[in-house]
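Structure record follows, encoded as structure tokens.
A note on names: the letters A, B, ... follow the listed sequences, proteins ahead of strands, and every chain is numbered from 1.
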2 protein chains.
Amino acid sequence: MDTVVLKFGGSSVADNIKLNIVAEKIKEFYDENKRIVIVVSAQGKTTDELIKEAMSLSSVPNERELDVLLSSGEQMSMAKLSILLNRLGMKAISLTGWQAGIFTNNTNQDAIIEDIDTSRIEKELNNGNIVIVAGFQGINRNMDITTLGRGGSDTTAVAIAAKIKANHCYIFSDVDGVYSADPKKTKVAKKIDAISYSEMLDIADEGAKVLHNRCVEVGERFNIPIVAKSTFIDNSGTLINDKIEGSTVKSIVKNDDLKYVHITSKTTYSVDIFNNIYYSFIENELNVKNLVNSSADTIDITFTISKSKFNKFAGLLEDKWPELNATYLDITRISVIGNGIMSNNSIVTTIMHIVDKNHLNIISMEINEAKIAIIFKEIIPDEILEELHKALIS
Amino acid sequence: MDTVVLKFGGSSVADNIKLNIVAEKIKEFYDENKRIVIVVSAQGKTTDELIKEAMSLSSVPNERELDVLLSSGEQMSMAKLSILLNRLGMKAISLTGWQAGIFTNNTNQDAIIEDIDTSRIEKELNNGNIVIVAGFQGINRNMDITTLGRGGSDTTAVAIAAKIKANHCYIFSDVDGVYSADPKKTKVAKKIDAISYSEMLDIADEGAKVLHNRCVEVGERFNIPIVAKSTFIDNSGTLINDKIEGSTVKSIVKNDDLKYVHITSKTTYSVDIFNNIYYSFIENELNVKNLVNSSADTIDITFTISKSKFNKFAGLLEDKWPELNATYLDITRISVIGNGIMSNNSIVTTIMHIVDKNHLNIISMEINEAKIAIIFKEIIPDEILEELHKALIS
């Protein structure tokens with residue numbers, strides 16, 4: 001008998017109407033006599049609202065207690081879905097993170113699943129139950145509640161799938177799969193039918209928000225086929241698995257949400273200053289990329305940083321290194337992704353031809369086995385993405 | 001070092017302003033270096049709202065799953081209070097029912113606490129933490145979440161107090177103690193300073209809603225002094241303990257929320273019919289009182305039932321025993337409560353004098369060691385309560 005894990009995101013369970021649509025989806029698998037584990041997120045904007053309520057009591061809420069608060073969101077949505085499924089005649093039982101045996105490390109708000117004791121899940125499956133597990137949460141070895149951080153429900157789903165050796169893990173959301181480019185930026189974007197784990201990781205890494213990085217990593221490690229599908233549109237979605245098809249471009253990600261930072265100083269370069277700066281980036285969770293120090297004599301550092309982190313960075317710089325000068329540019333990074341594309345010369349040639357023709361200023365370009373990433377000196381229009389897509393994909 | 005348990009009801013933690021008042025109350029005990037366990041209910045109307053949401057998905061929600069849903073209410077309020085206390089510099093940690101080791105039987109929505117494994121609570125107290133426990137919830141031996149039914153948070157508090165041998169259990173709510181009569185019905189009602197467990201049980205039994213019956217029973221069994229106090233008004237509240245003071249009247253409860261039912265039938269009386277009727281009352285949780293069968297030949301039964309249960313009863317009667325005739329009266333029951341009042345003849349005399357003077361029709365009267373209860377043939381005005389109060393109490 002096939003076992004499947006189905007994960008439904010917050011927008012899929014946002015209200016009673018949507019819960020009923022989710023129940024219909026589940027019924028399709030139920031009628032095929034599959035053993036079913038469901039993983040749910042909190043309803044709609046519940047998590048954001050709970051964070052807001054916590055912040056209204058303390059600007060820096062106690063981290064352990066914040067997780068106690070946040071975890072109630074999934075507890076409510078799983079109970080509601082279970083009440084609905086039982087009413088519809090599908091025998092279901094809901095399990096919180098601790099009941100489902102999801103053990104994590106101690107990092108509140110960003111915990112990592114260390115192990116899953118699936119004995120309760122398996123027992124309930126064997127009893128003929130649909131098992132509904134709260135996503136995004138677990139307990140540490142001290143029996144305290146933890147949450148996995150944003151996108152954590154995807155990881156819960158794939159990790160359970162790995163542990164119970166499920167045949168597939170379906171990630172249902174309000175998008176119907178992984179696209180060859182952001183459909184909001186170009187109409188020529190098309191849904192990808194199948195993609196490899198590593199390509200998917202590159203796409204997620206470049207800022208596409210379909211699937212959480214960590215969940216794809218777990219899928220790759222345990223070779224669990226992941227299907228990203230829409231809850232509301234009935235098509236086959238995107239299959240993410242270990243099969244690599246051809247040396248073709250799978251996706252182009254255009255990221256305009258970046259600042260290019262250039263830091264200089266007259267003071268003599270020392271490895272200590274450089275390391276200090278880099279360490280405080282990590283400490284403050286500033287996801288700095290493309291970090292380069294261009295001089296061996298003075299401080300002359302460049303990197304990119306997402307706009308959402310920029311204010312935090314600017315404050316940090318002013319506080320800690322007021323002697324440094326910094327200049328900023330709004331830029332675009334375009335990444336062309338596909339296994340083996342480095343060995344296909346025509347792809348680089350095609351890209352460079354389009355760059356030349358449009359007189360685009362390149363700051364830097366990196367080429368590796370599965371990705372060609374270019375940083376431009378300015379925000380470039382979406383038409384360039386469309387032109388690249390037409391030339392490289394369709 | 002003294003140990004105290006403080007319980008705060010839903011209206012005491014309804015919003016951020018009230019949570020701050022609760023935090024101030026806690027600080028008074030904290031500054032006295034007491035070991036503190038807090039028990040909280042869900043905020044404001046949360047439980048009612050969650051029930052409504054469950055009912056919108058199923059008119060008869062799965063009972064196990066309803067408890068999963070309801071228990072999230074206390075989880076949210078305890079986390080919020082803990083976030084606030086920590087922000088105010090009071091080291092606090094919140095524990096759900098399962099974390100606090102509250103084991104119950106399997107009766108969802110009306111579970112009874114069977115045992116409390118207080119090891120985690122004691123460990124956190126020894127670590128210098130204020131321990132905040134979710135009221136109203138526990139787990140059964142199958143590790144499934146249960147709820148204790150209405151008023152269950154009071155019971156959680158007193159049961160924990162009993163188990164950790166607390167010096168006092170404070171029940172904070174929006175009323176400032178137990179009154180000698182309902183202050184809404186007579187202005188002469190006054191707060192009682194101290195009362196015995198058994199008197200308190202009689203008062204609760206007669207319909208006063210200050211404290212939950214079960215919590216007083218637990219207090220009596222383990223001799224935990226309970227203090228019923230207001231969160232918002234600063235006075236000493238009412239102490240409920242094992243001390244019985246004099247043979248005086250402590251409280252008069254006037255209950256106008258009753259129907260007097262008279263069932264007759266021409267069919268010959270049989271013990272089977274009588275038992276059947278009585279059994280179906282119990283099965284349907286119809287709290288019928290003063291049940292009397294007056295005839296040995298035909299069916300001729302009288303009893304009282306609260307108005308909130310009346311419709312359910314009437315439906316049951318029509319469904320199951322359409323051959324029975326039933327007549328109904330709106331009535332008042334007045335109960336005069338105080339240990340040893342039966343042996344004080346002047347009390348009965350005083351009551352009867354007032355009844356006579358006002359030409360009140362009595363249906364029945366029961367007198368026992370600690371209570372004189374009279375059922376009148378109609379709703380009697382609150383002025384009678386006031387007259388009785390002036391004659392018997394002040």
Scan chain A against chain B and return every donor-acceptor pair whose distance is under 3.5 Å.
{"unit_1": "N16(A)", "atom_1": "ND2", "unit_2": "S56(B)", "atom_2": "OG", "d": "2.8"}
{"unit_1": "E53(A)", "atom_1": "OE1", "unit_2": "K80(B)", "atom_2": "NZ", "d": "2.3"}
{"unit_1": "S56(A)", "atom_1": "OG", "unit_2": "N16(B)", "atom_2": "ND2", "d": "2.8"}
{"unit_1": "L57(A)", "atom_1": "O", "unit_2": "R87(B)", "atom_2": "NE", "d": "2.9"}
{"unit_1": "L57(A)", "atom_1": "O", "unit_2": "R87(B)", "atom_2": "NH2", "d": "3.3"}
{"unit_1": "R64(A)", "atom_1": "NH1", "unit_2": "S94(B)", "atom_2": "O", "d": "3.0"}
{"unit_1": "R64(A)", "atom_1": "NH2", "unit_2": "S94(B)", "atom_2": "O", "d": "3.0"}
{"unit_1": "E65(A)", "atom_1": "OE1", "unit_2": "S82(B)", "atom_2": "OG", "d": "3.3"}
{"unit_1": "E65(A)", "atom_1": "OE1", "unit_2": "S94(B)", "atom_2": "OG", "d": "2.5"}
{"unit_1": "E65(A)", "atom_1": "OE2", "unit_2": "S82(B)", "atom_2": "OG", "d": "3.2"}
{"unit_1": "E65(A)", "atom_1": "OE2", "unit_2": "S94(B)", "atom_2": "N", "d": "3.1"}
{"unit_1": "V68(A)", "atom_1": "O", "unit_2": "Q75(B)", "atom_2": "NE2", "d": "3.0"}
{"unit_1": "S71(A)", "atom_1": "OG", "unit_2": "Q75(B)", "atom_2": "NE2", "d": "2.9"}
{"unit_1": "Q75(A)", "atom_1": "NE2", "unit_2": "V68(B)", "atom_2": "O", "d": "3.0"}
{"unit_1": "Q75(A)", "atom_1": "NE2", "unit_2": "S71(B)", "atom_2": "OG", "d": "2.9"}
{"unit_1": "K80(A)", "atom_1": "NZ", "unit_2": "E53(B)", "atom_2": "OE1", "d": "2.3"}
{"unit_1": "S82(A)", "atom_1": "OG", "unit_2": "E65(B)", "atom_2": "OE1", "d": "3.3"}
{"unit_1": "S82(A)", "atom_1": "OG", "unit_2": "E65(B)", "atom_2": "OE2", "d": "3.2"}
{"unit_1": "R87(A)", "atom_1": "NE", "unit_2": "L57(B)", "atom_2": "O", "d": "2.9"}
{"unit_1": "R87(A)", "atom_1": "NH2", "unit_2": "L57(B)", "atom_2": "O", "d": "3.3"}
{"unit_1": "S94(A)", "atom_1": "N", "unit_2": "E65(B)", "atom_2": "OE2", "d": "3.1"}
{"unit_1": "S94(A)", "atom_1": "O", "unit_2": "R64(B)", "atom_2": "NH1", "d": "3.0"}
{"unit_1": "S94(A)", "atom_1": "O", "unit_2": "R64(B)", "atom_2": "NH2", "d": "3.0"}
{"unit_1": "S94(A)", "atom_1": "OG", "unit_2": "E65(B)", "atom_2": "OE1", "d": "2.5"}
{"unit_1": "Q99(A)", "atom_1": "NE2", "unit_2": "M143(B)", "atom_2": "O", "d": "2.8"}
{"unit_1": "R120(A)", "atom_1": "NH1", "unit_2": "N142(B)", "atom_2": "O", "d": "3.3"}
{"unit_1": "R120(A)", "atom_1": "NH1", "unit_2": "D144(B)", "atom_2": "OD1", "d": "3.2"}
{"unit_1": "R120(A)", "atom_1": "NH2", "unit_2": "D144(B)", "atom_2": "OD1", "d": "2.7"}
{"unit_1": "R120(A)", "atom_1": "NH2", "unit_2": "D144(B)", "atom_2": "OD2", "d": "3.4"}
{"unit_1": "K123(A)", "atom_1": "NZ", "unit_2": "N142(B)", "atom_2": "OD1", "d": "3.4"}
{"unit_1": "N142(A)", "atom_1": "O", "unit_2": "R120(B)", "atom_2": "NH1", "d": "3.3"}
{"unit_1": "N142(A)", "atom_1": "OD1", "unit_2": "K123(B)", "atom_2": "NZ", "d": "3.3"}
{"unit_1": "M143(A)", "atom_1": "O", "unit_2": "Q99(B)", "atom_2": "NE2", "d": "2.8"}
{"unit_1": "D144(A)", "atom_1": "OD1", "unit_2": "R120(B)", "atom_2": "NH1", "d": "3.2"}
{"unit_1": "D144(A)", "atom_1": "OD1", "unit_2": "R120(B)", "atom_2": "NH2", "d": "2.7"}
{"unit_1": "D144(A)", "atom_1": "OD2", "unit_2": "R120(B)", "atom_2": "NH2", "d": "3.4"}

How far apart are the closest heavy atoms of A54(B) and I83(A), and which atoms are they?
CB-CD1, 3.8 Å
Quick one: closest heavy-atom pair of L57(B) and L84(A), and the distance?
O-CD1, 4.0 Å
In terms of heavy-atom pairs under 4.5 Å with chain A, the winner among A92(B), G73(B), P61(B), A79(B) is A79(B)
Measuring heavy-atom distances to chain A, does L88(B) have an atom under 4.5 Å in its side chain, in its backbone, in both, or in neither?
neither
Counting heavy-atom pairs under 4.5 angstrom with chain A, the leader among L81(B), I145(B), I139(B) is I145(B)
Part of L70(B) lying under 4.5 Å from any heavy atom of chain A
neither
Are there more than 12 heavy atoms of other residues, nucleotides or ligands under 6.0 Å from atom CD1 of I17(A)?
no
Turns out that what part of L19(B) lies under 4.5 Å from chain A's heavy atoms comes down to side chain
